[in-house]
Amino acid sequence: MLFVPRMIWCVGLCTMMLVASIPGTNQRRPIDTGHSRLTVHVGKEGLFSVFGHEHEISAPIAHGEVATSAPEFVEFTVETARMIVQDPEESESSRADVQKAMLGPQVLDTQKYPEIHFVSESVERKDDSHWRIHGKLALHGVTRQIIVETRLENGHYRGKVLLKQTDYGITPIRVAGGTVNVKDEIEIDFDIMLAGQ
């Protein structure tokens with residue numbers, strides 16, 4: 001009497017293993033966080049903005065995963081406390097000041113909002129190496145829908161997206177009495193590799 005249930009269990013297990021081994025079957029793969037990068041570019045504007053440098057900020061991906069076959073899927077998390085101001089043209093003390101301001105309550109407020117999170121809702125395949133990703137970005141306690149254009153180049157998923165700080169409840173910093181302002185619009189470049197590539 002135990003033979004039939006055991007046979008059904010074995011058939012089910014074999015079927016799942018077979019489906020998992022079929023090429024093109026949707027399988028999520030982790031992002032290689034050590035070889036992936038996300039960079040934020042923040043510009044300046046205002047009367048004396050020519051005397052200021054644009055800010056370049058490294059935003060390491062803490063973890064994430066991608067499904068490259070239908071239905072495609074992308075999800076990743078950035079820990080705000082690990083974001084680092086690069087600004088190679090600035091002095092060490094200036095970088096430290098910008099870093100402190102960025103992590104503090106005026107901008108990212110890392111104590112209150114420790115993570116930035118993106119998750120796709122749908123992915124449009126334009127061709128074998130281009131996708132338009134519709135998803136939600138949670139930043140600074142605000143979640144908004146965004147569209148990201150992505151291309152595959154030599155195993156790297158690359159692209160950029162433009163965001164406005166004010167859309168996420170962040171007020172761009174003003175310095176020197178308002179004669180130098182940080183632009184509201186920022187550009188985020190990404191270069192993502194998957195583990196095992």
Side-chain angles (χ1 to χ4, degrees), residues 28-44 53-68 72-121 123 131 133-165 167-170 172-173 182-197:
R28 294 184 182 181
R29 296 173 57 190
I31 291 174
D32 183 343
T33 57
H35 293 92
S36 299
R37 66 172 182 81
L38 194 150
T39 307
V40 182
H41 301 276
V42 185
K44 300 279 188 69
H53 298 294
E54 294 191 351
H55 298 305
E56 182 177 301
I57 301 158
S58 170
I61 296 173
H63 53 82
E65 57 183 6
V66 175
T68 58
E72 289 92 346
F73 175 84
V74 181
E75 182 176 18
F76 64 81
T77 298
V78 172
E79 295 172 354
T80 54
R82 295 178 59 205
M83 295 175 67
I84 300 173
V85 175
Q86 305 288 343
D87 292 1
E89 297 182 14
E90 295 280 5
S91 66
E92 186 175 341
S93 61
S94 293
R95 282 197 302 274
D97 290 342
V98 175
Q99 178 80 19
K100 182 178 179 180
M102 177 185 72
L103 299 182
Q106 281 188 297
V107 185
L108 291 175
D109 197 354
T110 59
Q111 293 294 318
K112 190 173 182 180
Y113 308 109
E115 292 184 342
I116 299 170
H117 182 250
F118 175 80
V119 61
S120 63
E121 295 184 309
V123 180
W131 298 266
I133 303 171
H134 300 255
K136 289 185 177 180
L137 179 69
L139 165 64
H140 198 253
V142 177
T143 300
R144 297 180 66 93
Q145 291 186 322
I146 63 172
I147 298 174
V148 183
E149 299 284 342
T150 306
R151 66 190 185 279
L152 177 61
E153 298 178 348
N154 300 318
H156 294 250
Y157 293 89
R158 293 177 173 143
K160 68 178 181 180
V161 63
L162 299 176
L163 304 175
K164 287 187 176 181
Q165 296 182 72
D167 285 345
Y168 292 88
I170 299 173
I173 293 176
V182 169
K183 287 184 178 180
D184 186 12
E185 188 174 71
I186 63 175
E187 178 182 306
I188 303 174
D189 296 333
F190 60 88
D191 183 341
I192 294 175
M193 291 187 66
L194 304 185
Q197 290 189 173

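We count residues from 1, following the sequence as given. In what follows, every heavy atom counts, from backbone to side chain, and hydrogens, waters and symmetry copies are set aside. Since the structure is predicted, the reported quantities are computational estimates derived from the model, not experimental observations.
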Q: Any chance you could lay out the side-chain contact (heavy atoms from CB on, under 4.5 Å) test for Leu108 and Leu139, step after step, and finish with the verdict?
A: CA-CA 8 Å; Leu108 291 175; Leu139 165 64; 4.2 Å; yes
Q) Counting distance only, does the side-chain N/O of Asp87 pair as donor-acceptor with the main-chain N or O of Glu56 below 3.5 Å? A) yes
Q.
Heavy-atom count check: over 12 atoms from other residues, nucleotides or ligands less than 6.0 Å from His134 NE2?
A. yes
Q. Can you tell me how far CG of Leu38 sits from CD1 of Ile116, rounded to the nearest 0.5 angstrom?
A. 8.0 Å
Q | Heavy-atom check, side chain of Trp131 versus side chain of Val74, under 4.5 Å | A | no
Q: Please say whether more than 12 non-hydrogen atoms of neighbouring residues, nucleotides or ligands are located less than 6.0 Å from CD in Glu92.
A: no
Q. How long is the gap from CD1 on Ile186 to CD1 on Ile170, to the nearest 0.5 Å?
A. 7.0 Å
Q: Measure the spacing between CD1 of Ile192 and NE2 of His35 and express it to the nearest 0.5 Å.
A: 14.5 Å
Q) So, for Phe76 and Ile61, which heavy atoms are closest and what is the spacing to 0.1 Å? A) CB-CG2, 3.9 Å
Q: Report, as yes or no, whether the 6.0 Å neighbourhood of atom CD on Gln111 holds more than 12 heavy atoms from other residues, nucleotides or ligands.
A: no
Q. Can you tell me how far the CG atom of Asp184 sits from the CG atom of Leu163, to the nearest 0.5 Å?
A. 10.0 Å
Q) Which heavy atom in Ile31 sits nearest to a heavy atom in Glu75, and how many Å separate them? A) CD1-O, 4.0 Å
Q. Just how far is it from atom CZ of Phe118 to atom CD1 of Ile146, taken to the nearest 0.5 Å?
A. 5.0 Å
Q.
Under the criterion side-chain contact (heavy atoms from CB on, under 4.5 Å), I'd like the reasoning laid out for Glu121 against Gln145: C-alpha separation, chi angles, the key distance, then a yes or no.
A. CA-CA 9 Å; Glu121 295 184 309; Gln145 291 186 322; 2.9 Å; yes
Q. Between Thr80 (side chain) and Tyr113 (backbone), is there a donor-acceptor pair under 3.5 Å?
A. yes
Q: Ignoring hydrogens and angles, tell me if any N or O in the side chain of Arg95 forms a donor-acceptor pair with the backbone of Val85 under 3.5 Å.
A: no
Q. Atom CD of Gln86 and atom CD of Gln99: how far apart are they, to the nearest 0.5 Å?
A. 9.0 Å
Q | Polar side-chain atom of Ser36 near backbone of Met193 as donor-acceptor pair, under 3.5 Å | A | yes
Q: Please report the closest heavy-atom contact between Ala62 and Thr33, naming both atoms and the distance.
A: O-CG2, 3.6 Å
Q. If we only count heavy atoms from C-beta on, is the Thr68 to Leu194 side-chain gap below 4.5 Å?
A. yes
Q.
Less than 4.5 Å apart, side chain to side chain, heavy atoms only: is that true for Met102 and Val42?
A. no
Q.
Looking at Arg144, I want to see if its CZ is surrounded by more than 12 non-hydrogen atoms of other residues, nucleotides or ligands under 6.0 Å.
A. no
Q. After noting the C-alpha distance and the side-chain angles of Lys160 and Asp189, does the key distance pass the salt bridge (charged side-chain N to carboxylate O under 4.0 Å, His left out) rule?
A. CA-CA 4 Å; Lys160 68 178 181 180; Asp189 296 333; 5.7 Å; no
Q: Measure across Thr143 and Ala138 and return the closest heavy-atom pair with its distance rounded to 0.1 Å.
A: OG1-CB, 3.5 Å
Q. For Gln165 and Lys183, which heavy atoms make the closest approach, and how far apart are they?
A. NE2-O, 2.8 Å
Q: Identify the heavy atoms of Thr150 and Phe190 that sit nearest to each other, and give their distance.
A: OG1-CZ, 3.6 Å
(Q) Checking the side chain of His140 only, and the main-chain atoms of Val107 only, is there a donor and an acceptor separated by less than 3.5 Å? (A) yes
Q | Minimum side-chain heavy-atom gap Val66-Arg29 below 4.5 Å | A | no
